[in-house]
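Notes follow once the structure below has been shown.
Everything numeric here is computed off the predicted structure, so don't read it as measured data. Letters go in sequence order (proteins before strands), and every chain restarts at 1.
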2 protein chains.
Amino acid sequence: MRNVTIVHVAEKARVSVKTVSRVVNNEPTVTPELRERVQAAIDQLGYAPNIAARRLGGGRSFLIVAFNDRKLTLENWASDRGNNWIDRMQYGAMLRCDVHGYHLLCELIDLESGQLARRVQHVLSTLRPDGVILTPPNCEDPTVLEALKRAQIPFVRMGSAQAGPGARVRMDDQAAARRLTEHLVELGHRRVGFVTGSARFLASRAREDGYRAALAAAGLPVDETLLVPGDFTFEGGVAAAEALLPRPDRPTAILAGNDETALAVMHVARRLDIAIPGDLSLATFDDTPSVRLSLPPLTTVRQPVAEMAAQAVDLLVAAAAKDGKLSRADNLLPFELALRASTAPPR
Amino acid sequence: MRNVTIVHVAEKARVSVKTVSRVVNNEPTVTPELRERVQAAIDQLGYAPNIAARRLGGGRSFLIVAFNDRKLTLENWASDRGNNWIDRMQYGAMLRCDVHGYHLLCELIDLESGQLARRVQHVLSTLRPDGVILTPPNCEDPTVLEALKRAQIPFVRMGSAQAGPGARVRMDDQAAARRLTEHLVELGHRRVGFVTGSARFLASRAREDGYRAALAAAGLPVDETLLVPGDFTFEGGVAAAEALLPRPDRPTAILAGNDETALAVMHVARRLDIAIPGDLSLATFDDTPSVRLSLPPLTTVRQPVAEMAAQAVDLLVAAAAKDGKLSRADNLLPFELALRASTAPPR
DNA sequence: AGATAGTAAGACATCGTTGTCAAAGATTCG
DNA sequence: CGAATCTTTGACAACGATGTCTTACTATCT
């Protein structure tokens, strides 16, 4: 009973293979009676259409490729930094692919490699996916975008603050930073520090804008010396915290560019015997497990990464089912503020 | 220049398509001169063989499927529990697939579903992968194993303490638990508690055996009341800690079944004002990011998950390249002890 | 009733590779 | 030197689905 093909089903149901194909693909022009007979044969034989043959036959590939940044992924998985943005993306995409009968392939690309265009093109032409999901910072790389466009494969850019080709799915980073800053201001903080994110990501810039906007709206001056560059790494966060915390006029609250940075701030604060939230309020972005289980748990903005990925898949599958054309829409998903014990009114 | 196929390459190099195929697959019977000409054509056209056609042509699929437990994955990714075992598996497998020109597909299966056998069979027959990687607890499920065997697809079971079909790649859980316990005993601890792992995983049992063996070897009695069942979750860890820590004769050290359990113990200890490592030493398994960045960082056994996955891929690719037969070997990889600030001599 | 239009089902070519087998050319051997 | 063997290359079928086109039948209209 190995290798059941469409021919076996056709024989068993006493119809042509084309009719079986029609039933499998839910095409309308099949009489209910035949449809039922075919379905019964499919169930009895345990038939599942072969994805390779489907693709070759001129149809869809039922494959979606997610291009992730190699360096980021390495940091994420190899050194266990706990940035699980990519994991959550994958989770959301995978669950949704399952629903549509699709399969998700994760491929790593290295933006700094000289082979970048070649690599992207190679992956696309071996796999010929029905759609591609790009995550930061790939989704803002001109070489990658160009390669995708030339291959004429629909793609969705996730979490990109930049307008451009393909569809977009993201949260409003600026609004999120603004809300977070407002929260601190509402608690009574007047001096709020900000450890900025990596310049490789446009979202970092958007977060900074939100921070500035919130302060401006509250009528508070922006003390430029309270803005310290971070790079999304633990070490960067330590350096930034060491610049901010020993100051006599240190801020009463700090907004960290991401969770890892925040944990670094916590470590430095602990070393300097600065209590959180007693002496210092701390808020951050991303809401990874480390900051939910930390002592104290941190106030964060929860980015709906899985939901974004799910929507990306929906868009791509819909495009593939239709005409392969994808609208260039910009889909904004709502974020969530998780208020936890790390933020409190200043002493 | 879209959709470059083997025919285009053949025309450009003025050879038959079969010869191009030979060059692409590194078959020996091609003269160096022709090989070079063909390679030049491939490079110039940017040709990449279509995976679907390859599979259909009777060859390999260049696909490896990893079956992960749906529930675990959901906990891992959705609720951000920080169990990144699966992530690290994926990371190791993906990097290695890349080297071999393979692609990794992650599929979720639900052991509790009545459709389990059907689901596995369905995935295998649509994708027809060259090999399958099973992670706990799937790798010990008879239904899954049976379905794999029937499909005659080579598979590797990762991290399984159980003998059985297919190849195995794992670390020695018992030895790891033993080493960790020995470390605590060497520090001078005489009363070592153990929050056991989930009974769904045979490895939990092996860890308990290692714990007992270490105590026995040190001539210490096993106080059964110091063995508390956990289930690998934070809540389970809290319950266990609440059973162990308020006791007047509480242990001076605790071995946690996994990192999440350990974090739970930390939270309870903090609440009860029990200092770590001053009043209580704490050691655990897995070495996820949360416990490296926690305060204090925890002593753990580092499981070589990525390396295990890489080896699994190597085994599967080698089998596919040869005759599709996979040896039933049991490959043990060395673990690593990460000694950190959470363990110290008792007061 | 006959012509027309519309619908359901099937025949057949096709996608891009690899496996099989045959042919051509090179080499070895008696 | 001719036959036998080995090596290199190519022709062609096959894989398992879908797209296109055709055919057979049914319903509709005049």
Item to check | Main-chain N/O of A/S160 paired to A/R168 side chain as donor or acceptor, under 3.5 Å | outcome: yes

Checklist entry - Base, sugar-phosphate alone, or nothing: which one does A/V24 contact when heavy atoms must sit under 4.0 Å apart? => result nothing

Checklist entry - Is any side-chain nitrogen or oxygen of B/S16 closer than 4.0 Å to OP1 or OP2 of D/dT9? => result no

Next on the checklist: What's the closest nucleotide to the side chain of A/R22 if the choices are D/dC21, D/dG16, D/dG19?
Outcome noted: D/dC21

Checklist outcome for this item: Hits for salt bridge (charged side-chain N to carboxylate O under 4.0 Å, His left out) against B/R170, two or more places apart or cross-chain, chain-then-number order -> B/D330

Next on the checklist: At 4.0 Å (heavy atoms only), tell me whether B/F62 reaches a base, stays on the sugar-phosphate, or touches nothing.
Outcome noted: nothing

Checklist entry - Of B/R54 and A/R14, whose closest DNA chain C nucleotide lies nearer the 5' terminus? => result A/R14

Next on the checklist: Whole angstroms only, please: what is the CG-P distance between A/L56 and D/dG16?
Outcome noted: 12 Å

Checklist entry - Touch check for A/R55, heavy atoms < 4.0 angstrom, all strands: base, sugar-phosphate only, or nothing? => result nothing

Item to check | Nearest heavy atoms of B/R157 and B/A163, plus distance in Å | outcome: NH2-C, 3.5 Å

Checklist entry - Between which nucleotides of DNA chain C, 5' to 3', does chain A make heavy-atom contacts below 4.0 Å? => result C/dA8 to C/dG16

Next on the checklist: In this structure, how many angstroms lie between the P atom of D/dA17 and the CD1 atom of A/I51, rounded?
Outcome noted: 12 Å

Item to check | For atom CG of B/L34 and atom P of D/dT7, their distance in whole Å | outcome: 17 Å

Checklist entry - Under 3.5 Å, is there a donor-acceptor pair between the side chain of A/R35 and the main chain of A/R22? => result no

Next on the checklist: Whole angstroms only, please: what is the NE2-C1' distance between A/H8 and D/dA17?
Outcome noted: 14 Å

Item to check | Spacing between B/E33 atom CD and D/dT8 atom P, to the nearest angstrom | outcome: 13 Å

Next on the checklist: If I take atom OH in residue A/Y47 and atom P in nucleotide D/dG16, what distance separates them, rounded to the nearest angstrom?
Outcome noted: 10 Å

Item to check | Modelled atom types, side-chain donor and acceptor of A/D314 and A/H100, under 3.5 Å | outcome: yes

Item to check | 4.5 Å side-chain heavy-atom contact, B/R54 and B/N50 | outcome: no

Checklist entry - B/V7 near the nucleic acid: base, sugar-phosphate alone, or nothing, with a heavy-atom cut-off under 4.0 Å? => result nothing

Checklist outcome for this item: In whole angstroms, the gap separating C1' of D/dA17 from CG of A/N25 amounts to 9 Å

Next on the checklist: Between A/T5 and D/dC15, is there a contact of a side-chain N or O with OP1 or OP2 at under 4.0 Å?
Outcome noted: no

Checklist entry - Around atom CD of B/E27, are there more than 12 heavy atoms of other residues, nucleotides or ligands at under 6.0 Å? => result yes

Checklist entry - Counting side-chain heavy atoms from C-beta on, which of D/dG19, D/dA11, D/dT18 comes nearest to A/I6? => result D/dT18

